[in-house]
Amino acid sequence: MQELLEISNLEAGYGLIKVLWGANLAVKQNECVVLLGVNGAGKTTLLKTVVGLLKVWKGKVTFDSNDITYLRPDIRIANGIAYMSELAIFPNLTVEENLKLGGYFKGDKENKKRMEKLYQYFPDLKEYKHKMGGSLSGGQRKMLGVAKTLMSNPKLVIMDEPSSGLSPKFVKRVIEVLNMFHEEEKVAMLIAEQNISFLDFAEKTYILDGGKIIFEGSVSELKSNNIIREAYFGITH
Amino acid sequence: MSLNNLMLNVEGLIKEFGNFRALDGADISVKEGKILGLAGPNGSGKTTFINVVSGVYKPNGGKIFFNGKSIYKLEPHKIVHLGLNRTFQVPKPLSGLTVEQNVKVAAVYGSKEGNTKDKINSALSSVELDNVKHKEASSLTSAQQKLLGLARALATNPKMLLIDEIAAGLNQHELKRIADMLIKLNKFGITMIVVEHLMSFLDILTDDVVVMNAGVNLFRGSIKEASMNEKVVEVFLGR
Amino acid sequence: GKNIPSVIKIGTLYASTGPFAKASESQFKGLKFWVHNVNSKGGVFVKAFKKKIPIKLIAYNDQSSTATAAAMYNQLITQDHANILVADFGSVLTSVAVPLAKEHRRLLFDVTGTGAKFFTPDNPYVVLTSLPTSGRWPYTLADFIIKHKINKIAIIYSSNDFDQSQAITLHNKLRKAGINIVYYNAVPSSTSNYAVLLHSIKAKNPNAVIEFGYPNNDIAFLQNLGSSGLKFNMVFTVFPGQLFKLLKSNVGEQGLAYTYTYPTPPLLRYNKVNLGVGIDEFEHAFKAYSGQSPNFLNVAGYNVGLIIKKTLETANRYNQLSFRKAISKFSGKVFTLNGLFMVNKKGAQIGEMLPIAQFVMKNSKLKMNIVYPEKMQTANAVYPAP
Amino acid sequence: MFEYTVLAGIMYGLYFGLVGIGLNLIFGVMRMINLAHGDFIMLGAFLAYWLFHLFGINPLFVIAISCVVFLFLGIAFYYIFVPRLLKSKDPEMLSFILFFGLSQVIEAIIILSFGNNQRSIPSNTFGHSTFSIFGNRFPISWLIVTIVAIVVFIAVYWYFYHTKLGYATRAIMASRDESLVSGINVNRVSAFAFGIGLILASIAGIFSFFMMGAAYPSMGTNLTVISFAIIVLGSLGNPMGTIIGGLIYGLAIMFMQTYLSSWSNLLPYLLLIAVMLFKPEGLIGKTVRSA
Amino acid sequence: MLKKRIGSFGIILIIALIFIFLPFVYNNQSFLFNMMLYIALAEGLNIIYGFTGYLPFGYVGFFGAGAYSASLAILFLHFPPLLSIFIGGMGALLVGVVLMPLLKLSGAYFAIANLAASQALYYIVANPNLESITHGPYGISLASVYNPHASYYTMLAVLVLSMIIVLFIRTSNFGLSLLAIKEDRITASLAGVNVAKARAIAWGLSAFIAGLSGASFAWYVSVFYPGTVFSLNISVIVIVFALFGGIGTIAGPLVGSLILYSFYNFIGISTPQYFQLLYGILIIVLVLFLPDGITSILQKRKIYVP
Ligand SMILES: Nc1ncnc2c1ncn2[C@@H]1O[C@H](COP(=O)(O)OP(=O)(O)OP(=O)(O)O)[C@@H](O)[C@H]1O
Ligand SMILES: Nc1ncnc2c1ncn2[C@@H]1O[C@H](COP(=O)(O)OP(=O)(O)OP(=O)(O)O)[C@@H](O)[C@H]1O
Ligand SMILES: [Mg+2]
Ligand SMILES: [Mg+2]
């Protein structure tokens with residue numbers, strides 16, 4: 001199958017500090033990729049560079065066979081990428097307005113339909129739809145972030161730690177919802193996560209370390225790698 | 001259970017935001033030297049509980065005793081001086097200051113006891129941030145910023161800590177490291193309430209958990225009992 | 001040793017920006033015009049040296065700021081050693097110069113700073129040249145009202161030194177004459193909307209409305225009056241007589257018709273003078289010099305020049321106290337295009353009385369009549385206003 | 001008298017809502033304090049003055065011209081200043097200084113080119129007549145200004161709540177970064193909003209003659225200060241709240257003038273401080289959590 | 001720390017010596033006086049703005065309060081000038097205490113509320129109804145105690161005091177706690193800092209300095225109007241001076257005032273018509289290209305700026 005997103009030899013960072021040292025990564029059409037990496041490895045930096053919040057220093061990013069390395073973020077989004085950052089929401093807008101902005105490129109009618117669908121999975125959001133995003137609890141914000149990202153029907157969803165801070169019930173719920181969109185709308189996903197429950201649904205995994213990809217492979221390959229098991233899952237045998 | 005060795009005793013705590021009750025009469029107590037796990041579905045009021053107990057938000061009713069003394073509606077810095085501190089779920093570093101300066105403020109103003117330099121060094125080494133102490137706090141990753149928050153709290157010589165989801169977003173290996181860190185601190189005599197969603201993490205720390213729901217405590221007992229409790233499974237763990 | 005200076009240094013300030021810029025620049029231009037005139041004739045005659053000496057004008061921009069003005073006056077005195085010090089326009093910018101001049105024993109020629117407290121018996125180093133102190137302005141106005149037995153008066157004034165001292169004088173004089181004052185209120189100098197105030201005044205049904213304000217206030221007042229549809233028998237404002245063109249362009253001839261004001265040169269035409277030129281000749285020459293017809297402040301600036309000239313011609317010795325003595329000597333004897341020059345012991349101007357004028361419509365053109373005092377009168381007042 | 005005061009207060013207040021709204025819009029979208037706001041009002045006034053006196057163009061038509069002129073001006077200023085400013089540590093406070101500089105430049109240029117005279121458009125431009133409400137007579141120009149203000153408010157409301165651009169503008173007000181990744185062209189939308197902010201200021205300027213007597217180059221500072229009072233009374237960062245701020249200001253001034261005239265300039269500021277202390281988010285603002 | 005303190009003391013000493021002896025060689029005392037005045041005000045503003053992040057848009061309110069308190073002490077209580085200057089400082093401090101609740105506000109809200117407060121104060125003082133107390137719009141004349149030399153050296157003392165206070169804050173833990181408050185109030189309070197008290201102290205010191213400066217100014221000029229000492233321009237100019245140099249240091253406001261005030265005078269004299277234009281352009285260019293002030297050039301090179 002064709003590559004949807006392709007990152008090659010990516011270098012980027014903040015000010016004078018280089019964080020990514022030539023990362024390579026690819027996501028195929030309708031593929032689900034989980035990006036692992038210890039704290040500080042540069043996962044957030046990588047995702048931000050892909051959506052254009054950070055400048056690329058060196059390397060190339062292609063999406064849908066277009067070179068998007070130097071495009072503005074909004075154009076990348078318009079081309080079919082949806083992004084959920086770690087903070088994920090508009091604090092001064094209501095929950096409902098947040099969701100609507102998730103579907104910025106969609107019509108009102110379509111937005112309404114999608115919103116109702118997402119409310120079914122996240123009843124809290126429905127209950128608080130007129131509350132300000134910024135007054136929600138940490139976990140509620142994550143739910144809002146996830147739901148907001150799914151409002152548009154993108155080709156590729158990029159999420160930065162969608163499950164952190166969610167209660168176990170909602171971690172399951174989020175995985176369920178992502179799975180559903182993955183199947184129904186053939187969305188490709190690139191998700192930076194630490195929660196191992198996400199592995200069950202990944203088709204490919206990458207491990208980022210020190211700004212470089214040090215592992216690429218399927219979940220079973222990952223799980224059978226002893227060193228990685230020790231470093232990432234704390235399982236020692 | 002005699003009242004004397006309750007380090008923190010909260011009864012019927014109420015907090016309202018407009019006409020919404022985020023805490024609706026929560027009762028939570030911890031004995032000196034223990035670790036209490038605090039879990040519950042998103043939005044159940046865990047962070048609000050910490051916010052109110054630490055004085056960041058003013059309560060609308062109930063009682064809060066720390067070491068036998070009421071700290072109800074006391075200002076945060078006074079509560080800190082009594083020996084109770086907390087960390088934040090969404091980290092709030094002093095962004096423009098260096099890591100070391102972050103901790104220094106706490107060491108100087110948090111408590112009179114002890115040598116400032118020593119307090120800074122030991123707090124930073126407890127959370128393993130000594131290698132980045134000259135970095136600006138804003139350049140740390142969010143996980144590091146949470147640890148920095150813990151270091152600031154430690155530098156105030158706390159008797160008790162309220163820890164809010166310090167392990168969220170970490171991998172299993174890192175979780176273990178943080179858990180060990182907390183256990184070590186507990187061994188030095190710091191009582192704790194640890195808010196966390198991952199039961200496996202709480203499991204390493206303690207066998208005593210409270211599960212909150214909708215602003216009240218739903219369950220108290222061991223983790224095993226919790227995982228078999230119908231209601232807890234229903235609202236928190238999910239089937 | 002008597003070494004004769006090659007030039008007489010006159011130091012002054014002006015403001016090119018800020019609230020006083022417009023007025024200050026006009027006054028400055030008048031002074032420059034005078035300097036231009038005397039220098040084209042080889043300078044002024046200085047009696048102490050029995051010799052004509054050219055003038056050198058040193059001028060700085062204080063940008064309407066008193067703090068800057070203080071530093072600049074100081075600069076003029078201490079760095080540039082100006083022989084003669086001329087104040088910037090108005091009380092505010094003059095205020096900082098008064099103590100400085102006194103401290104450095106330099107005679108301050110105060111052109112338009114009319115604040116009464118500048119003039120104290122213990123300070124010989126200030127003299128007001130081109131306007132009376134503001135408390136004296138309404139003397140003739142009060143007489144006019146008393147003489148015509150106009151009762152029920154409304155006085156509205158902006159709360160600043162200049163306007164309040166006029167209001168107080170008028171209030172006291174009318175009270176003494178037993179005239180009923182039905183409305184007496186201060187408004188902030190920043191007031192720009194008089195619509196509601198006018199209705200409050202109308203509610204008291206006065207025969208005359210006297211508004212003391214800065215030019216901004218007068219403009220807003222007259223405009224609001226015009227568009228409100230309200231009518232009063234008599235309306236008086238301060239500035240149409242000083243800044244006629246400005247007021248006319250802002251409120252229109254209709255807005256000024258039948259209102260009263262204090263006329264000043266060039267609206268007042270003093271041609272029989274014993275110092276300098278008369279107003280006709282001045283107007284002509286000034287137009288040739290600057291391309292514009294002069295306003296009152298041009299006259300005021302020119303007038304201070306005339307007084308300086310007379311001072312230098314009169315003083316026996318070339319020092320500041322002799323200058324002051326010389327002024328006392330010719331005070332009351334000099335008549336310029338600005339009227340009679342007469343100062344009291346404190347240096348305050350008491351000669352130039354401000355008459356009362358009324359604008360009338362004649363052949364649908366605006367015309368100004370002097371209606372009081374009688375000896376200057378050119379027409380009877382049209383009262384009540386049509 | 002009471003009735004008259006209320007009516008005048010409302011009309012005057014609506015006009016002052018117009019004076020403040022552009023400042024609030026720019027603050028809301030960019031978190032920038034446009035200290036040159038009053039100078040843009042002054043520019044609007046001068047544009048109207050010149051067009052009226054040179055070509056006899058009625059102030060109402062100047063609105064259309066100023067929409068074009070100030071939109072371009074706004075977009076240009078946005079691209080020159082804002083992106084750079086946003087990169088600094090404390091854009092909100094720095095904007096304060098930067099726009100102070102800009103206000104100095106504008107004032108200086110106008111004085112250098114036209115002198116520091118007061119100028120006005122005759123108050124009978126819209127005819128000599130007066131109109132009356134409940135037996136109270138007001139100048140016709142007030143009616144026109146009131147109508148203009150209301151139309152402008154409706155237009156702003158429409159822009160914010162019924163156009164995609166306005167919707168995006170509100171999103172940027174809430175969070176610039178999140179807007180970027182929601183697919184909004186943040187620079188373009190903000191530049192447009194900046195332009196609208198200046199257009200609103202200029203419209204207030206066009207009608208300043210009828211509500212404030214005359215216009216002059218150095219009138220800006222005072223207007224900026226009053227605008228601040230008004231937008232905070234309503235709600236900082238919420239443009240529609242400005243209308244409420246304006247009304248309170250207008251009514252307060254008129255009542256003070258009627259009943260306690262010499263203190264009338266004090267009231268808005270006391271009101272402002274009181275609102276800040278007891279309801280700092282403004283009379284209709286909302287807050288988000290701090291921990 | 002000790003080294004830094006000594007270094008900073010050196011600067012203060014040099015500045016003091018310069019202003020002690022300069023009048024003997026350069027006799028435009030008013031220029032020197034204003035220079036000292038603006039430095040002191042910029043340092044005073046620095047205390048609250050540079051270290052706690054509260055931008056006092058209405059800083060001139062304290063200045064005016066100081067000028068008026070001192071003048072009234074002289075006129076009504078017949079206090080000697082020096083005592084009255086102190087009363088001026090206390091008057092401003094009192095205003096600061098009254099305005100303390102404003103510190104609950106943050107960012108632009110605070111700046112604007114403070115502006116409103118200073119305007120309110122101005123309109124109260126200038127109100128003709130209070131003529132018997134404040135002389136209303138008529139202004140104040142202190143001709144009886146006029147003494148440019150004594151007031152010059154008083155201003156110098158105020159200047160030195162302001163710099164010493166900033167020095168102390170800059171090099172003490174108290175200063176660090178203020179910086180912590182600036183970054184995040186809640187975090188600072190959980191580090192044990194009594195936020196309300198710390199910022200009240202900074203606020204009070206800042207007000208006190210402005211009050212002393214205003215009082216000295218009143219004595220020096222001896223004739224002034226309410227509009228003179230409550231002019232919003234003073235606030236804005238002082239903010240611009242402080243930012244131009246760079247806030248949070250002693251040197252920043254000092255250098256900023258020295259350069260800009262000289263510029264204001266000398267360029268202002270030679271090219272008056274274009275001065276305002278140049279000044280405006282200078283400010284714009286500075287904010288865009290050197291937003292942290294000129295001293296930040298050194299700081300970026302890791303050179304310590306006292
Ligand atoms: N704004 C910044 N300025 C300077 N350095 C930064 C900044 N943000 C992140 N860094 C540095 O970049 C590195 C990578 O950070 P990044 O946030 O990408 O890690 P991450 O893998 O997402 O970690 P986490 O699991 O904690 O989210 C870290 O060393 C961090 O200190
Ligand atoms: N300042 C506030 N204003 C309004 N509502 C608030 C505020 N703070 C908290 N809430 C509400 O109170 C409820 C409890 O929030 P809290 O943050 O305590 O939950 P939590 O148990 O910590 O959840 P999580 O596990 O997601 O962090 C939520 O519904 C939240 O929206
Ligand atoms: Mg990350
Ligand atoms: Mg929480």
Side-chain angles (χ1 to χ4, degrees), chain A residues 13-15 17 19 36-45 86-87 91 122-125 127-128 131-132 134-144 160-176 192-197 207 228-236, chain B residues 17-18 20 22 39-48 51 88-91 132 135-136 138-147 164-180 195-201 204 211-214 227 232-239:
Chain A
Y14 307 88
I17 305 159
V19 173
L36 296 161
V38 293
N39 159 250
K43 302 182 294 295
T44 300
T45 309
E86 273 179 288
L87 291 168
F122 302 110
D124 274 25
L125 296 183
E127 187 179 341
Y128 297 135
K131 237 177 145 164
M132 300 277 249
S135 69
L136 297 182
S137 80
Q140 290 166 337
R141 281 186 214 203
K142 280 279 154 155
M143 292 179 210
L144 177 57
D160 199 350
E161 309 205 2
S163 87
S164 83
L166 283 177
S167 68
K169 179 174 158 183
F170 278 99
V171 174
K172 289 175 196 160
R173 185 69 55 83
V174 164
I175 294 176
E176 194 184 314
E193 251 305 337
Q194 303 284 21
N195 193 315
I196 41 172
S197 347
I207 293 181
I228 289 172
R229 271 170 54 171
E230 194 173 323
Y232 287 90
F233 310 130
I235 307 163
T236 33
Chain B
F17 295 107
F20 172 78
N42 298 120
S44 56
K46 306 178 296 292
T47 301
T48 304
N51 281 340
F88 288 96
Q89 180 175 6
V90 181
V132 292
K135 267 194 166 181
E136 230 179 63
S138 60
S139 73
L140 301 183
T141 66
S142 49
Q144 285 176 316
Q145 291 182 348
K146 282 189 195 171
L147 287 177
D164 200 356
E165 300 204 22
I166 196 161
L170 297 183
N171 71 30
Q172 299 292 44
H173 183 72
E174 291 161 336
L175 284 180
K176 181 82 178 50
R177 216 185 83 207
I178 302 275
D180 289 343
V195 172
E196 191 53 65
H197 290 295
L198 291 174
M199 293 313 240
S200 58
F201 179 74
I204 311 173
V211 179
M212 285 181 74
N213 187 34
S227 65
V232 171
V233 171
E234 159 84 37
V235 301
F236 178 58
L237 295 172
R239 274 170 233 277

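- Looking at B:T47 and B:D164, their side chains do bring a donor and an acceptor atom within 3.5 Å of each other.
- The contact between B:S142 and chain A is made entirely by side chain atoms (from C-beta outward), counting heavy-atom distances below 4.5 Å.
- Neither the backbone nor the side chain of A:K142 has a heavy atom closer than 4.5 Å to any heavy atom of chain B.
- Applying the salt bridge (Lys or Arg N to Asp or Glu O under 4.0 Å) rule to B:E136 yields no partners; only residues at least two apart in sequence or on another chain are considered.
- Separating the CG atom in B:L147 from the CD1 atom in B:I178 is a distance of 4.5 Å, to the nearest 0.5 Å.
- Interface residue B:F20: only side-chain heavy atoms are found under 4.5 Å from chain A.
- If you check the side chains of B:S44 and B:N213, you find no donor sitting under 3.5 Å from an acceptor.
- A side-chain donor from one of A:T45 and A:Y14 sits under 3.5 Å from a side-chain acceptor of the other.
- Contact of B:Q144 with chain A is made through backbone and side chain together, with heavy-atom distances under 4.5 Å.
- Comparing A:A192, A:S164, A:G165 by how many heavy-atom pairs each has under 4.5 Å with chain B, the most go to A:G165.
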